[in-house]
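Working notes for the structure below.
Counting starts at 1 for both ligands and their atoms, in listed order. We use all heavy atoms of the structure for the numbers below, so side chains are in, but hydrogens, waters and symmetry mates are not.
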Amino acid sequence: MRLSRSFLPTLKENPAEAQITSHRLMLRAGMIRQTSAGIYAWLPAGLRVLENIANIVREEQDAAGAQEVLMPTMQSAELWKRSGRYDDYGPEMLRIRDRHERDMLFGPTNEEMITDIFGQVVKSYKELPQVLYQIQWKFRDEVRPRFGVMRGREFYMKDGYSFDLDTASAVDTYRRMMLAYLRTFQRLGVRAIPMRADTGPIGGELSHEFLILAPTGESGVFFDSALEDQDWLAEAVDTADRASLEKFFTRMTSFYAATDEMHDAAAWAEVPADRQREGRGIEVGHIFNFGRKYTQSMDIAVSGPDGAPLYPEMGSYGIGVSRLVAAIIEASHDENGIIWPQSVAPFKAVIINLKNGDAQCDALCEQLYGTAPRALLYDDRAERAGAKFADADLMGHPWQLIVGPRGAKEGKVEVKNRRTGERTEETVEGALALIAKLQG
Ligand code: 5CA
């Protein structure tokens, strides 16, 4: 994308309405604009990050055997009356009446709808297990939407739902999802610590929250630092084998981790002092196993092995995709701006032309840019160098490819790594090889 013609409205000043770093940086880097309280429009740079996150989530869900669907945002109140949650959900649910006076709502979550669809399709226990997920907008009329997309009213969520024959198989599915989540967050370039959690209005007994450490987090957290050192992408688990899943889960849960709501001082005291970490965390995911709560209340059964009705055991699995954009920034920035992990960056690198209009500078920049115009941002504006450097740091591109008149004449490109600040001088071939590597 050419910056001179792009819709990337960066701001020099800190917007007054933003109280936390990520909200400030998302506004300043031109990623979002608010349209109503807790409701945001995503501009090109923001949308790219949102979609990059969603795609990593999608790949790991697919790899774990979940199948993607897309359900509507509008739901009929009838569904929620069947589960009994229509009255329980309270003012967080945005209720709407259509022209025929039918009660509708903007979905805050989809347990009821997916259970109903499952019931229409699956008739026999032989078709179990099933894991379905979607990545879709949700609406919760939060009393205090704040911190930008961190706690919005409209937000983008990956919500998955599983249906199993019995408790043992439902627990296998839960553990498989746990591993998929750990892998997902690691690929997103952040550490999200799984913690035993309260189940709240979703219901059930087995539940974990995934928290990214940040001083602005809403929950207090206590955990064993050994959890930060695990490489979940290298974890050898045979996800088709119950014993292997159990071994992984037992190992993972052997490390202490709890939010303040679930904190156990006695168990905490047993964690070696040099590994005790206390702080605050942002909840970016939440998984639940709640048995037959919805299949029973909505009377959705399949025929069991003996021909009698069997109510599948369910779980649900959420990831706050839009919240993650902010959470990653909270965990990865410095005083100059965002530092995107490579995997989610809106642009893999920015090409900075230090002398726009200089024939050699322009030619070299065009040569680099032309190899990967979608992955690269080309700062071809008639701005001074200082402004270009400041915007590049603010927007957080992992690499800066800097082309000035002297370098252009000698066929050299200065390459800066945004995270380490390290600068090297590369030949044109070296710069092209880096671009090819970043794209791959
Ligand atoms: N049905 C279950 C799982 S599919 C569910 O709704 N779980 S949840 O309530 O925990 O939400 C899942 C994730 O969505 C949360 O972990 C959080 O990361 C994100 N989330 C929840 N509320 C908001 C909000 N108001 N703004 C942004 N993200 C949110």
* **ligand 1 contacted by Gly285 (non-hydrogen, < 4.0 Å)** => yes

* **Residue portion contacting ligand 1 (non-hydrogen atoms closer than 4.0 Å) for Arg323** => side chain

* Asked: So is there a nitrogen or oxygen of Arg140 less than 3.5 Å from a nitrogen or oxygen in ligand 1?
  -> yes

* **Enclosure of Lys126 NZ (heavy-atom neighbours >12, cutoff 6.0 Å)** => no

* **With sequence neighbours excluded, residues passing ring-ring contact (aromatic ring centres under 6.0 Å, His included) with His208** => Tyr174, Phe249

* Asked: Of all the atoms in ligand 1, which lie at a distance below 4.0 Å from a heavy atom belonging to Asp159?
  -> 4 (S)

* Asked: Is there a nitrogen or oxygen of Glu283 sitting under 3.5 Å from a nitrogen or oxygen of ligand 1?
  -> yes

* **Sidechain N-carboxylate O distance under 4.0 Å for Lys416, Asp393** => yes

* **Per-atom contacts of ligand 1 with Met150, taking only distances under 4.0 Å to non-hydrogen atoms** => 26 (N), 27 (C)

* To do: Looking only at distances, please establish whether an N/O atom of ligand 1 is found under 3.5 Å from an N/O atom of Tyr161.
  => no

* To do: Please determine if Gly152 has a nitrogen or oxygen closer than 3.5 Å to a nitrogen or oxygen of ligand 1.
  => yes

* Asked: N/O of Glu111 under 3.5 Å from N/O of ligand 1, yes or no?
  -> yes

* Pairwise distance CG(Leu25) to OG1(Thr10) - rounded to 0.5 angstrom -> 12.0 Å

* Identify, by atom number and element, the atoms of ligand 1 in contact range of His286, meaning under 4.0 Å from any of its heavy atoms. => 10 (O), 16 (O)

* Asked: Does Glu246 CD have over 12 foreign heavy atoms under 6.0 Å away?
  -> no

* Given the rule in the side chain to side chain contact (heavy atoms under 4.5 Å, CB included) test, do Phe185 and Leu324 qualify, once you have shown the distances and angles that lead to the verdict? -> CA-CA 10 Å; Phe185 294 121; Leu324 263 164; 4.0 Å; yes

* Asked: When Tyr294 is tested against each of Arg85, Glu111, Glu112, Arg82 for side chain to side chain donor-acceptor pair (under 3.5 Å), which residue passes?
  -> Arg85

* **Contact partition for Glu142 relative to ligand 1, non-hydrogen atoms under 4.0 Å** => side chain

* Structure fact -> Under 4.0 Å between heavy atoms, the region of Tyr317 that gets near ligand 1 turns out to be backbone

* Which ligand 1 atoms does Val149 reach within 4.0 Å, using its non-hydrogen atoms? -> 27 (C)

* Structure fact -> For Arg97, the side chain to side chain contact (heavy atoms under 4.5 Å, CB included) test, sequence neighbours excluded, returns Glu101, Asp103

